[in-house]
Amino acid sequence: MSTEFENSPCPLCLSLETQFYHQDKRRCYLQCNQCQLVFVPNQFHLTSAQEKAEYDKHDNNSADEGYKRFLSRTWTPLKTRLLQQKQPSTLGLDFGCGEGAVLSQMAQADGFNMRNYDLYYFPDNSVLECKYQFITLTEVIEHIADAQQVWQLLDRLLEASGILAIMTKRVLNQQAFANWHYKNDLTHICFYSEFTFGYLATKFNWTFEIIDKDVVFLTRANT
């Protein structure tokens, strides 16, 4: 199985220069030689129904203080940055907000206006017609199959000097990946590294910052 799926196109940069990275009992993982994204070939993806059934098992809501502490690893540094900018009005989008849309509730409690979008739970495409000063994606991008299209969308949605606040665990190396619990979630199909985020920053002319072990900020140029 390790060689059968080699040269599957990279979902992020579409390069055909991909190679075997890892294999377990359930799936094969490839890595792109250009952007270094580690990804699961399409043949191993869940159906939409199977994927939503997995998400329906989550019980993330605003009454869960542990979940709010988890989200605060993204929201607290983002809020600090937004307050430093001192913009008169700031509009944000929680992209892939999930059924509970908890992060936007946290933001609104702190005085920030946020909208929600989620393919399964908040499928309101009208919110994708606006531009935003900040966009959050907490534990989202590892689920997205059409990575290139979504990153292009995010670039269109972001205002000048706007911030993409991303939470996802990062790939370190093959040895760590082999024992990594994060890959065992079958809804996780794309795995980003520091190099991959740097690739995206260069492609879209963004500034890239590592905020925490699983949080990065990508800031659009001010023009």
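Below, each value reflects all heavy atoms present in this structure, side chains not excepted, and no hydrogens, waters or symmetry copies.
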**Student:** Quick one: sort the Tyr29 and Phe177 rings into parallel, tilted or perpendicular, breaks at 30° and 60°.
**Tutor:**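 Geometry flag for Phe177 against Tyr29: perpendicular rings.
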**Student:** List the atom of Cys28, the atom of Pro41, and the distance in Å for their closest heavy-atom pair.
**Tutor:**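 Distance-wise, the nearest heavy atoms are O-CD, 3.1 Å.
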**Student:** Could you pull out the closest heavy-atom pair between Leu16 and Pro9, with the gap in Å?
**Tutor:**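 Nearest heavy atoms, Leu16 then Pro9: CD2-CB, 3.8 Å.
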**Student:** Short question: side chain of Thr18, backbone of Ser8 - any donor-acceptor pair under 3.5 Å?
**Tutor:**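 Yes, because the side chain of Thr18 sits within donor-acceptor range (under 3.5 Å) of the backbone of Ser8.
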**Student:** Any sub-3.5 Å donor-acceptor pair from Gln152's side-chain atoms to Gln149's backbone N or O?
**Tutor:**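 No, Gln152 side chain to Gln149 backbone: no donor-acceptor pair under 3.5 Å.
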**Student:** Residues in ring-ring contact (aromatic ring centres under 6.0 Å, His included) with Tyr55, at least two apart?
**Tutor:**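 By the ring-ring contact (aromatic ring centres under 6.0 Å, His included) rule, Tyr55 matches Tyr120, His143.
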**Student:** Determine whether Leu137 and Leu154 make a side-chain contact, defined as any pair of heavy atoms from C-beta on separated by less than 4.5 Å.
**Tutor:**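 Touching, per the 4.5 Å side-chain cut-off.
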**Student:** What residue pairs, at least two apart or across chains, pass salt bridge (charged side-chain N to carboxylate O under 4.0 Å, His left out) with a residue in residues 36-55?
**Tutor:**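 Qualifying pairs: Lys52-Asp56, Glu54-Lys57.
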**Student:** By side chain to side chain contact (heavy atoms under 4.5 Å, CB included), which residues pair with Thr202, not counting sequence neighbours?
**Tutor:**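 None.
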**Student:** Under 3.5 Å, is there a donor-acceptor pair between the side chain of Lys68 and the main chain of Val102?
**Tutor:**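 A pair under 3.5 Å: no.
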**Student:** Who passes side-chain hydrogen bond (donor to acceptor under 3.5 Å, both in side chains) against Asn173, sequence neighbours left out?
**Tutor:**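 Applying side-chain hydrogen bond (donor to acceptor under 3.5 Å, both in side chains) to Asn173 gives none.
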**Student:** For the atom pair OG1 (Thr187) and NE2 (His58), what is the distance rounded to the nearest 0.5 Å?
**Tutor:**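 Answer rounded to 0.5 Å: 6.5 Å.
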**Student:** Between Phe208 and Ala201, what is the shortest heavy-atom contact and its length?
**Tutor:**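 So the two residues come closest at CB-CB, 3.8 Å.
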**Student:** Using a 4.5 Å cut-off on heavy atoms from C-beta on, say whether the side chain of Trp180 contacts that of Lys169.
**Tutor:**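 Yes, at least one pair of side-chain atoms sits under 4.5 Å.
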**Student:** Given side chains that start at C-beta, do those of Ile141 and Ile166 come closer than 4.5 Å, heavy atoms only?
**Tutor:**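 With C-beta onward as the side chain, the pair touches.
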**Student:** For the backbone of Ile163 and the side chain of Gln133, can you confirm whether one donor and one acceptor N or O come within less than 3.5 Å of each other?
**Tutor:**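 Not at all, since once roles are kept as given, no pair shorter than 3.5 Å links the two residues.
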**Student:** By side-chain hydrogen bond (donor to acceptor under 3.5 Å, both in side chains), which residues pair with Asp212, not counting sequence neighbours?
**Tutor:**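 Once residues adjacent in sequence are excluded, Asp212 has no partner under the side-chain hydrogen bond (donor to acceptor under 3.5 Å, both in side chains) criterion.
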**Student:** Among residues at least two apart in sequence or on other chains, which ones pass ring-ring contact (aromatic ring centres under 6.0 Å, His included) with Tyr132?
**Tutor:**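 For Tyr132 there are no ring-ring contact (aromatic ring centres under 6.0 Å, His included) partners, ignoring immediate neighbours.
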**Student:** Before you tell me yes or no, could you show the steps for Leu30 and His22 under side chain to side chain contact (heavy atoms under 4.5 Å, CB included), namely the whole-Å CA-CA distance, both residues' side-chain angles and the distance that decides it to 0.1 Å?
**Tutor:** CA-CA 7 Å; Leu30 305 180; His22 182 72; over 6 Å; no
**Student:** Would you please name every residue forming a side-chain hydrogen bond (donor to acceptor under 3.5 Å, both in side chains) with Thr168, sequence neighbours left out?
**Tutor:**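 For Thr168 the side-chain hydrogen bond (donor to acceptor under 3.5 Å, both in side chains) partners, ignoring immediate neighbours, are Glu142, Tyr182.
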**Student:** Would you check if the distance from the ring center of Tyr192 to the ring center of Phe197 is below 6.0 Å?
**Tutor:**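 Yes, the ring of Tyr192 comes within the 6.0 Å limit of the ring of Phe197, centre to centre.
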**Student:** Using atom types as modelled and distance alone, determine if a side-chain donor or acceptor of Arg170 lies under 3.5 Å from a backbone N or O of Phe195.
**Tutor:**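 No, because the side chain of Arg170 does not come within donor-acceptor range (under 3.5 Å) of the backbone of Phe195.
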**Student:** In Å, rounded to the nearest 0.5 Å, how long is the span from CD of Gln148 to CG of Leu14?
**Tutor:**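 Result: 4.0 Å between the selected atoms.
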**Student:** In the structure I gave you, are the side-chain heavy atoms of Cys35 and Cys10 within less than 4.5 Å of one another anywhere?
**Tutor:**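 In contact.
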**Student:** I want to check something: taking the side chain as every heavy atom from C-beta on, are Met167 and Val140 in contact at a cut-off of under 4.5 Å?
**Tutor:**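 No. Closest side-chain heavy atoms not under 4.5 Å.
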**Student:** State which residues pass side chain to side chain contact (heavy atoms under 4.5 Å, CB included) with Glu129; sequence neighbours excluded, sorted by chain then number.
**Tutor:**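 Partners of Glu129 by the side chain to side chain contact (heavy atoms under 4.5 Å, CB included) criterion come out as none, since no residue qualifies.
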**Student:** With distance as the sole test, does Arg220 use its side chain to make a donor-acceptor pair with the main-chain N or O of Gly162 at under 3.5 Å?
**Tutor:**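 A pair under 3.5 Å: no.
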**Student:** Checking the side chain of Asn222 only, and the main-chain atoms of Ala160 only, is there a donor and an acceptor separated by less than 3.5 Å?
**Tutor:**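 No: the side chain of Asn222 does not pair with the backbone of Ala160.
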**Student:** Does Gln31 use its side chain to pair, donor to acceptor, with the backbone of Gln36 at less than 3.5 Å?
**Tutor:**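 Yes; judged by distance alone, with no hydrogens or angles, the pair exists.
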**Student:** Taking only residues two or more places apart in sequence or in another chain, which ones pass side-chain hydrogen bond (donor to acceptor under 3.5 Å, both in side chains) with Thr80?
**Tutor:**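 Per chain and number, Thr80 pairs via side-chain hydrogen bond (donor to acceptor under 3.5 Å, both in side chains) with no residue.
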**Student:** Could you check whether any side-chain heavy atom of Ile210 comes within less than 4.5 Å of a side-chain heavy atom of Phe217, counting everything from C-beta outward?
**Tutor:**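 Ile210 does not reach Phe217 side chain to side chain.
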**Student:** Shared ILVMFWY cluster between Phe204 and Tyr199, side chains joined below 4.5 angstrom?
**Tutor:**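 Yes: a chain of side-chain contacts under 4.5 Å links Phe204 to Tyr199.
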**Student:** Could you list the residues that satisfy side chain to side chain contact (heavy atoms under 4.5 Å, CB included) with Leu128, not counting sequence neighbours?
**Tutor:**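 Testing Leu128 for side chain to side chain contact (heavy atoms under 4.5 Å, CB included), a comparison that skips the adjacent residues, returns Leu93, Phe95, Tyr117, Asn125, Leu153, Leu157.
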**Student:** Do Ile144 and Leu218 sit in one hydrophobic cluster, given that two such residues count as connected whenever their side-chain heavy atoms are within less than 4.5 Å of each other, even indirectly?
**Tutor:**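 Yes, it is one cluster - the side chains of Ile144 and Leu218 are joined through contacts under 4.5 Å.
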**Student:** Sequence neighbours excluded, which residues qualify as side chain to side chain contact (heavy atoms under 4.5 Å, CB included) partners of Ala145?
**Tutor:**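 His45, Ile189.
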**Student:** Using atom types as modelled, flag every donor-acceptor pair under 3.5 Å from a side chain in residues 70-77 to any protein atom, sequence neighbours excluded.
**Tutor:**
| unit_1 | atom_1 | unit_2 | atom_2 | d |
| --- | --- | --- | --- | --- |
| Ser72 | OG | Arg69 | O | 2.5 |
| Arg73 | NH2 | Asp214 | OD1 | 3.2 |
| Arg73 | NH2 | Asp214 | OD2 | 2.4 |
| Trp75 | NE1 | Asp110 | OD2 | 2.7 |
| Thr76 | OG1 | Ser72 | O | 3.1 |

**Student:** Hey, does Glu159 have a side-chain heavy atom less than 4.5 Å from the side chain of Phe134?
**Tutor:**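 The answer is no, as the side chains (C-beta and beyond) never meet within the 4.5 Å cut-off.
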**Student:** According to a 4.5 Å side-chain heavy-atom criterion applied to Ile, Leu, Val, Met, Phe, Trp and Tyr, with indirect links allowed, do Phe112 and Leu78 form part of one hydrophobic cluster?
**Tutor:**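 Phe112 and Leu78: one cluster.
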**Student:** Ignoring hydrogens, what is the shortest heavy-atom contact between Thr219 and Glu209? Give both atom names and the distance.
**Tutor:**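 Answer, listing the atom of Thr219 first, then Glu209: OG1-OE2, 4.0 Å.
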**Student:** Would you say that Pro11 contacts Leu37 through its side chain, given a criterion of any heavy-atom pair below 4.5 Å between the two side chains?
**Tutor:**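 Touching, per the 4.5 Å side-chain cut-off.
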